[in-house]
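Given the structure is predicted, the values throughout are model-derived calculations rather than measurements. Every heavy atom of this structure was used, including side-chain atoms; hydrogens, water molecules and symmetry mates were not.
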Amino acid sequence: MLHRFISTIILAFTCMVAGAQGVCTINGNIQDCSLNNGEKIKKVFLTRTNESGQAVEVATAKVKKGKYTFKYNIAQDEPALLYNITGFGEGKSIEVFVEPGEVVIETESAACPENSIATGTPANDTYAQYKAILFERAKEVADAVAILEKERGKEWLENPEGKREVKRIEAKEGIRTESQILRFLIDHNASPMTPYVVEHVLLPKLTAAYAQQIDKAISTTLHTHPYYLSLHNKVLASDMKVGNELPDITFATMNGETARLSDFRGKYVVLNFWASDCSKSADMIAELQHLQSIVKENLDKVVIVSIALQSDTEAWRTAVSGNNAGGEGWLHACEALAFESSVAKLYKIEKTPRIVLVEPEGRAVSLDMDIDEVVMRIEQILSGDLYYFDQVKE
């Protein structure tokens with residue numbers, strides 16, 4: 001009887017732990033609930049950003065005496081990701097990593113939610129330490145400027161000499177802070193915060209070679225995390241040339257399935273960026289159809305991926321069906337944001353058509369090849385002549 005009782009307790013405890021592993025509890029405390037318009041904040045909303053970059057509301061909480069609580073069930077296998085708590089008006093929000101555990105968010109003023117600090121779980125604790133570095137920089141700059149104002153006066157600060165001195169102080173503290181941040185990120189290279197901050201804060205200031213070094217320094221435990229994959233793609237895109245690995249784009253095919261360029265590793269990929277207007281070129285369509293006939297005989301070696309960059313998806317579908325384009329070995333997708341899509345930006349596509357030839361390891365054979373040359377090169381490769389080998393070998 002005792003053994004059965006103990007077993008029951010252990011089972012119940014195990015179930016409780018397993019259930020808690022998928023729940024993120026967020027307890028917020030706002031000291032001053034006044035918004036910029038004078039009203040008191042009454043509700044807050046937990047939102048996430050979907051794959052299209054749109055904010056999606058996933059939970060609502062009432063604010064009572066400055067306190068609010070979210071209990072959010074995390075989807076199975078969802079990694080720690082940044083969500084936003086909104087409802088503060090003017091596009092302001094609180095950033096918080098949603099991950100299993102209890103998060104505590106302290107907010108001094110509802111009018112300045114961006115200064116909030118979230119702690120209690122691993123990613124949030126690390127992010128809070130990173131923010132502390134930024135706050136310290138702002139304080140150092142403010143203190144230095146305050147000393148100047150006391151010594152030389154406010155009028156001096158507003159003249160050209162004073163403005164130059166303030167910029168010098170900001171630049172000095174900026175360099176010091178960026179060095180400190182870089183060291184901090186490398187020391188915390190297994191936190192999902194690290195690739196996120198590198199991409200959104202540091203990457204625009206780094207050379208391609210330096211960015212590659214930092215990319216390699218990030219823990220391999222993050223290599224399947226969305227933030228690392230996004231950073232890695234940006235790093236690859238910063239040095240895109242023949243012989244280099246290409247960014248691993250994701251796209252929705254015409255039949256509604258999601259595919260990635262890396263799904264075709266082991267095959268040559270003819271990556272065809274186009275628009276329905278391109279289908280008016282009879283020569284191009286004829287060459288593509290000829291290429292497809294070659295592909296059908298070599299499905300284990302070659303695939304065509306055509307990605308239309310246009311907002312008119314109906315015109316795209318009509319062009320595909322009207323030209324008998326598709327079938328085995330020929331996938332179609334459409335990016336409705338056209339040249340503003342993440343795919344177009346990663347590959348720096350500014351006009352169509354443009355054809356990229358990819359070898360089986362995901363490296364570029366050519367970044368801009370005419371369709372007739374593509375057909376010739378594919379035939380050449382399939383005959384055993386790997387003409388490009390010296391360009392892409394490591």
Verify the distance criterion only: is there a donor paired with an acceptor across the side chains of N255 and T253 at less than 3.5 Å?
yes
Do E102 and N27 pair up side chain to side chain, a donor and an acceptor below 3.5 Å, judged on atom types alone?
yes
Is K131 paired with E106 through a side-chain N to carboxylate O contact shorter than 4.0 Å?
no
Atom NZ of residue position K348 - does it have more than 12 heavy atoms of other residues, nucleotides or ligands inside 6.0 Å?
yes
Y72 and its side chain to side chain contact (heavy atoms under 4.5 Å, CB included) partner, picked from V103, V23, V58
V58
What one should report as the nearest heavy-atom pair of I41 and G87 is CD1-O, 3.5 Å
Should the heavy atoms of other residues, nucleotides or ligands under 6.0 Å from CZ of R265 be counted, would the total exceed 12?
yes
All heavy atoms of P192 vs all of A123, minimum pair found to be CG-CB, 4.1 Å
Can you tell if the side chain of V320 reaches within under 4.5 Å of the side chain of M254, non-hydrogen atoms only?
yes
Residue pair A333 / A252: nearest heavy atoms and the distance that separates them:
CB-O, 3.2 Å
Exercise: do T86 and N84 side chains pair donor with acceptor under 3.5 Å
no
Parallel, tilted or perpendicular, as decided by the 30° and 60° cut-offs, for the rings of W274 and H332:
perpendicular
Within a reach of under 6.0 Å around CZ of F135, are more than 12 heavy atoms found that belong to other residues, nucleotides or ligands?
yes
Check whether any side-chain heavy atom of L182 sits under 4.5 Å from a side-chain heavy atom of I214, and report yes or no.
yes
Tell me whether the rings of Y68 and F70 are parallel (<30°), tilted (30 to 60°) or perpendicular (>60°).
perpendicular
R377 and Q380: side-chain donor and acceptor closer than 3.5 Å?
yes
Please work out whether the ring planes of H225 and Y227 are parallel, tilted or perpendicular, with thresholds of 30° and 60°.
tilted
